[in-house]
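First comes the structure, then the notes that go with it.
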Amino acid sequence: MIENKIVLDENEIPKKWYNIQADLPSPLDPPLNPQTKKPIGPQDLSAIFPIGLIKQEVSQDRYIPIPDEVREIYKLWRPSPLYRARNLEKYLKTTAKIYYKWEGVSPPGSHKPNSAVAQAYYNKEAGIERLVTETGAGQWGSALAFATMLFDIKCRIYMVKCSYEQKPYRRVLIQNWGAEIFPSPTKLTKAGQEIIKKNPNTTGSLGIAISEAVEDAATHDDTNYSLGSVLNHVCLHQTVIGLEMKKQFEQIDQYPDIIVGCVGGGSNFSGACFPFVKDKIDGKKPDLKVVSVEPLACPTLTKGEYRYDFGDAIGLTPLLRMYTLGHNYVPPAIHAGGLRYHGDAPLLCKLTKERYMEAVAYYQKEVFEAATIFAKTEGFVVAPETAHAVEAAIDFARMAKNKNEEKTIVFANSGHGYFDLSGYDAYHNNKMINYVHPEKEIKKAMASLIKI
Ligand SMILES: *Cc1c(COP(=O)(O)O)cnc(C)c1O
């Protein structure tokens, strides 16, 4: 049988999420309270998160049941298909097999509702009436607007200013699902006012928008904060991707040699790869290559330092041990807005530090070239973030061809790019800028880090 698309039944949607904390070679360094520099406890998080999510954040249980209500909603688009990219293989004349797990089938068009729906569920359970969040390219904002609509929760979104301007249709989508949305920095929060005073023309950043949302949640009783990436519970929810993928590969009697995915805060790739990284930790697949892909304009894993830093730009969040470029680093306004984050998920960082995972970084133009090849061969127009994973998959397929190796490559195809066509437009009209690694800016941001 020649398979092109490997699908699962609705009843094969995972019943449990996989928690890699149970299998780490050594425990994560705990998040620290910035004032005391002591590990924070659950009570420190309860001002902005519901108990259900706090428990997941620190859980050491290997598998955590997915509530029936959440699985019912997942059925709208899950299980998502695993495709074999035969036309791309032909185009590259590669000896490798290329697969991709397509998360663009969800209503908001990315992997993000896998966590948004779960987060809305646990907040509803805790009696929360309003959720606030930040969004970069608008993918997370639209996912949370969609999820809160399903659970009848109010929603406010702070959207990074340069993306708000580049991507007006994401704003409209968010408003369609009934949420409020503002370009960040705003004058609605102290954090926003402070940034505007210092730099009135700022393009905004994810870190700044997080500061605004956290402040909003901390100052309203009925309101919680919701984060679309980075935290352990978000990576946990996304493991439905990798758990399904494993079943799909079993169905065709294959196992990947190389898994790649783009990393902004690390959630889609953590979700896709952790169930496979487990096999590597267990010694069953020692040669498995697990590769994160990031922009050279924001090279967190490839150029950052592994140390404690704030999750946001102002310094409101606990300190997290992760690869970081410095919390007040503002990356150039690349089209992949969702990859403009100074840090990455502590779980993914730890596994990178311990060499279970590795990372590469690319220029903006080369990833759009790859995404255009992908559109011409496979048809799907991927998000600028996802384009990074496409470029890496193509690179590995070319390497396999050069060495005449039969590698099986799979990439996490995290979402579609139908709201990101302005980036493709800039690419086609030769107006795209290749930002080089902003070494000076990063040095400056790193110099301001707290020493632990
Ligand atoms: C947000 C987003 C990303 C980056 O976020 P991660 O948490 O690293 O997954 C990647 N791809 C798409 C399509 C996104 O919307």
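Remember, it's 1-based here, ligands and their atoms both numbered in the order they're listed. Source: prediction; values computed, not measured.
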*Under the side chain to side chain contact (heavy atoms under 4.5 Å, CB included) rule, what do Asn413 and Val382 come out as? Steps first, then yes or no, please.*
CA-CA 8 Å; Asn413 195 338; Val382 302; 3.4 Å; yes

*Measure from atom 2 (C) of ligand 1 to every heavy atom in Lys112, Glu103, Gln139 and give the option owning the shortest one.*
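Minimum heavy-atom distance to atom 2 (C) of ligand 1 goes to Lys112.
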
_Out of Ser270, Ala137, Ser414, who is nearest to atom 12 (C) of ligand 1 when you count heavy atoms only?_
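It is Ser414 that holds the nearest heavy atom.
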
*Are Asp216 and Tyr225 close enough that some pair of their side-chain heavy atoms sits under 4.5 Å apart?*
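Counting from C-beta outward, Asp216 and Tyr225 never come under 4.5 Å.
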
Proximal atoms of ligand 1 relative to [X] (non-hydrogen, under 4.0 Å):
X      : result
Val263 : 8 (O)
Gly415 : 13 (C)
Cys262 : 10 (C), 11 (N)
Gly338 : 4 (C)
Thr386 : 13 (C)

Tell me whether [X] has any N or O atom under 3.5 angstrom from an N or O of ligand 1.
X      : result
Phe269 : no
Gly264 : yes
Asn268 : yes
Gly266 : yes

*Just do the side chain to side chain contact (heavy atoms under 4.5 Å, CB included) check on Phe151 and Asn123 with the steps written out, would you?*
CA-CA 9 Å; Phe151 286 95; Asn123 276 290; over 6 Å; no

_Tell me if the aromatic rings of His342 and Phe310 count as close, with their centers under 6.0 Å from one another._
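No, too far apart.
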
*Who's the nearest protein heavy-atom neighbour of atom 6 (P) of ligand 1, and how far?*
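Among all protein heavy atoms, the one nearest atom 6 (P) of ligand 1 is Ser267 N, 3.4 Å.
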
*When you measure from atom 7 (O) of ligand 1 to every protein heavy atom, which one gives the shortest distance, and what is it?*
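Among all protein heavy atoms, the one nearest atom 7 (O) of ligand 1 is Ser229 OG, 2.5 Å.
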
*When you look at CG of Asp152, are more than 12 heavy atoms from neighbouring residues, nucleotides or ligands closer to it than 6.0 Å?*
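Not more than 12 within 6.0 Å, no.
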
*If you draw a 6.0 Å radius around NZ in Lys75, do more than 12 non-hydrogen atoms from other residues or ligands fall strictly inside?*
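Count over threshold, so yes.
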
_Parallel, tilted or perpendicular: which one describes the rings of Trp102 and Phe380, with boundaries at 30° and 60°?_
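The rings of Trp102 and Phe380 sit tilted, inter-plane angle from 30° to 60°.
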
*Given side chain to side chain contact (heavy atoms under 4.5 Å, CB included), test Leu82 with Tyr100 step by step and report yes or no.*
CA-CA 6 Å; Leu82 178 73; Tyr100 58 94; 5.9 Å; no

*asked:* Looking only at the side chains, is there a donor atom on one of Glu103 and Ser110 sitting less than 3.5 Å from an acceptor on the other?
replied: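 Looking only at side-chain atoms, Ser110 and Glu103 do not form any donor-acceptor pair under 3.5 Å.
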
